[in-house]
Amino acid sequence: MRVAIVTESFPPDINGVAHCTLQTADHLHRRGHHPLVIAPAGPPGGPPPATAGGPPESQGELDRSHPYPVIRIPSLPLPGYPQVRVALPSRKLAAAITSHHSDVVHLASPFVLGARGMTAALRLRIPAVAVYQTDLGSYARTYLGAGENAAWRRIRAVHTAADRTLAPSTASARDLEEHGVPRIRLWPRGVDTERFHPSRRDPELRRSLAPGGELIVGYIGRLAPEKNVELLAPLSRLPGVQVVVVGDGPSEPALRAAMPRARFLGRRTGNDLARVFASLDVFAHTGPQETFCQTVQEAQASGVPVVAPAAGGPLDLVDHGRTGLLVPPGDETEVTDAVALLSADAKLRAALGHAGREAVEGRTWEAIGDQLIDHYTEVLAARTAVAA
């Protein structure tokens with residue numbers, strides 16, 4: 001099967017869309033399929049991509065750092081959040097899909113580049129599967145104070161045109177249904193249960209982060225307004241608690257000022273990230289706008305008890321009182337109280353961590369990737385039946 005994956009983000013970006021797209025393309029390649037990734041280019045001054053032979057209008061900039069082609073479309077930074085880049089209009093997208101002879105177009109969190117991918121799929125009469133991953137309506141409200149309805153009109157237009165929309169959680173599926181999006185199916189996310197594992201717990205790292213033996217409470221993710229990381233500020237002032245923050249983003253200066261005792265470790269990836277996860281005593285997620293929340297799964301795979309808001313994706317991932325604790329969104333007192341409960345009860349921490357690990361052991365990227373291939377197959381079969 002030849003699959004063109006049009007994504008708003010791809011590594012070296014570090015976010016849920018980029019990570020899921022990478023795992024999808026890697027899995028398709030391992031299964032003997034032929035993925036093509038089309039993504040925004042990085043900022044000028046980065047390593048130049050190797051250029052494929054042939055005219056640029058048909059090939060674009062070809063990144064050869066993966067075992068499948070990755071076409072990079074020129075982009076600009078998002079105002080106010082330069083880590084996020086938005087692809088510019090380009091004929092390279094449709095030309096790349098045509099040259100690839102794609103059977104299916106996969107739209108990863110479509111909004112700008114993905115909308116153009118949907119237009120190309122319609123013009124070329126190729127079935128499209130749209131993967132909903134980002135609550136852009138809430139982002140518009142958070143960053144602009146307006147535009148939520150306009151964002152949902154764009155989301156609805158793109159997803160309605162797709163043959164199938166895949167939602168990562170029951171909460172996001174419900175949001176899509178309430179906004180008039182048809183043909184929705186659930187497709188969750190996988191987790192690398194070998195990399196994220198309790199055995200990665202590192203006593204030396206723990207001593208360096210909490211030399212007094214404090215309870216280590218960690219947040220791992222982007223540092224942005226919608227993540228509400230400032231809810232951890234009261235925790236950071238408690239004796240016997242060490243808050244550790246991993247990630248970067250536009251909110252970092254304000255968070256450093258609000259939590260001077262917290263340890264900020266910057267971006268961590270790969271086995272280094274897994275070592276940090278497993279070395280926590282509690283993982284606290286604070287953002288209420290997650291359509292899935294991959295870091296909750298990674299914490300659970302690491303055997304770490306989770307505190308998360310009772311909203312969005314965590315509602316599917318956390319069985320309150322068994323695999324973690326859910327708290328009302330945006331309530332710093334409830335977050336503090338939940339951590340205090342876990343701080344006082346080592347047996348409860350161990351029980352929640354063990355149950356969380358058990359809950360995710362079957363959610364490998366291999367299993368989730370095979371589910372995605374089944375979705376492609378069903379969409380292709382439906383198109384063939386209609387054509388017949």
Name the atoms and distances for all side-chain donor-acceptor pairs under 3.5 Å in residues 203-215, with sequence neighbours left out.
from, atom 1, to, atom 2, distance (Å)
Arg206, NH1, Ser279, O, 2.7
Arg206, NH1, Asp281, OD1, 3.2
Arg206, NH1, Asp281, OD2, 3.3
Arg206, NH2, Asp281, OD1, 3.4
Arg206, NH2, Asp281, OD2, 3.3
Ser208, OG, Leu205, O, 2.6
Glu214, OE1, Gly212, N, 3.1

Scan the side chains in residues 308-319 for donor-acceptor partners under 3.5 Å anywhere in the protein, sequence neighbours excluded, and list what turns up.
from, atom 1, to, atom 2, distance (Å)
Asp316, OD1, Thr170, OG1, 2.7
Asp316, OD2, Thr170, N, 2.8
Asp316, OD2, Thr170, OG1, 3.4
Asp319, OD2, Arg322, NE, 2.8

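- A continuous path of ILVMFWY side-chain contacts below 4.5 Å connects Met1 to Val131, so both sit in one hydrophobic cluster.
- Rounded to the nearest 0.5 Å, atoms OG1 (Thr24) and CH2 (Trp187) are 4.0 Å apart.
- When every heavy atom of Leu352 is checked against every heavy atom of Gly324, the shortest pair comes out as CD2-N, 3.7 Å.
- The stretch residues 348-359 participates, sequence neighbours left out, in these salt bridge (Lys or Arg N to Asp or Glu O under 4.0 Å) pairs: Arg357-Glu361.
- When atom types are taken as modelled, the side chain of Gln294 and the backbone of Arg189 share no donor-acceptor pair closer than 3.5 angstrom.
- For the pair Arg256 (side chain) and Ser251 (backbone), a donor-acceptor distance under 3.5 Å is absent.
- The aromatic rings of Trp152 and His179 lie parallel to each other, with less than 30° between the two planes, well short of the 60° mark.
- Distance alone, capped at 3.5 Å, is enough to place a donor-acceptor pair between the Ser172 side chain and the Ser169 backbone.
- Judged purely by atom type and a 3.5 angstrom limit, Arg267 has no side-chain atom pairing as donor or acceptor with the backbone of Gly247.
- Sequence neighbours left out, the pairs with a member in residues 14-40 that pass ring pair (Phe, Tyr, Trp, His ring centres under 6.0 Å) are His19-Trp365.
- Connectivity analysis of hydrophobic side chains (ILVMFWY, heavy atoms under 4.5 Å, direct or indirect) links Leu88 to Leu76.
- Judged by the 6.0 Å and 45° rule, Arg154 forms a cation-pi pair with Phe111.
- In this structure, Thr7 contributes its side chain and Ser9 its backbone to a donor-acceptor pair below 3.5 Å.
- Residues forming a ring pair (Phe, Tyr, Trp, His ring centres under 6.0 Å) with Tyr68 (at least two apart in sequence, or on another chain): His66.
- Leu231 and Val241 fall into different hydrophobic clusters, where Ile, Leu, Val, Met, Phe, Trp and Tyr side chains are chained together by heavy-atom contacts under 4.5 Å.
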Check the pair Glu378, Arg185 against salt bridge (charged side-chain N to carboxylate O under 4.0 Å, His left out), reporting the backbone distance first and the verdict last.
-> CA-CA 12 Å; Glu378 290 172 7; Arg185 299 281 292 275; 3.4 Å; yes
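- Between the side chain of Asp13 and the backbone N or O of Ala18 there is no donor-acceptor pair closer than 3.5 Å.
- In Glu178, the CD atom is crowded: over 12 heavy atoms of neighbouring residues, nucleotides or ligands sit closer than 6.0 Å.
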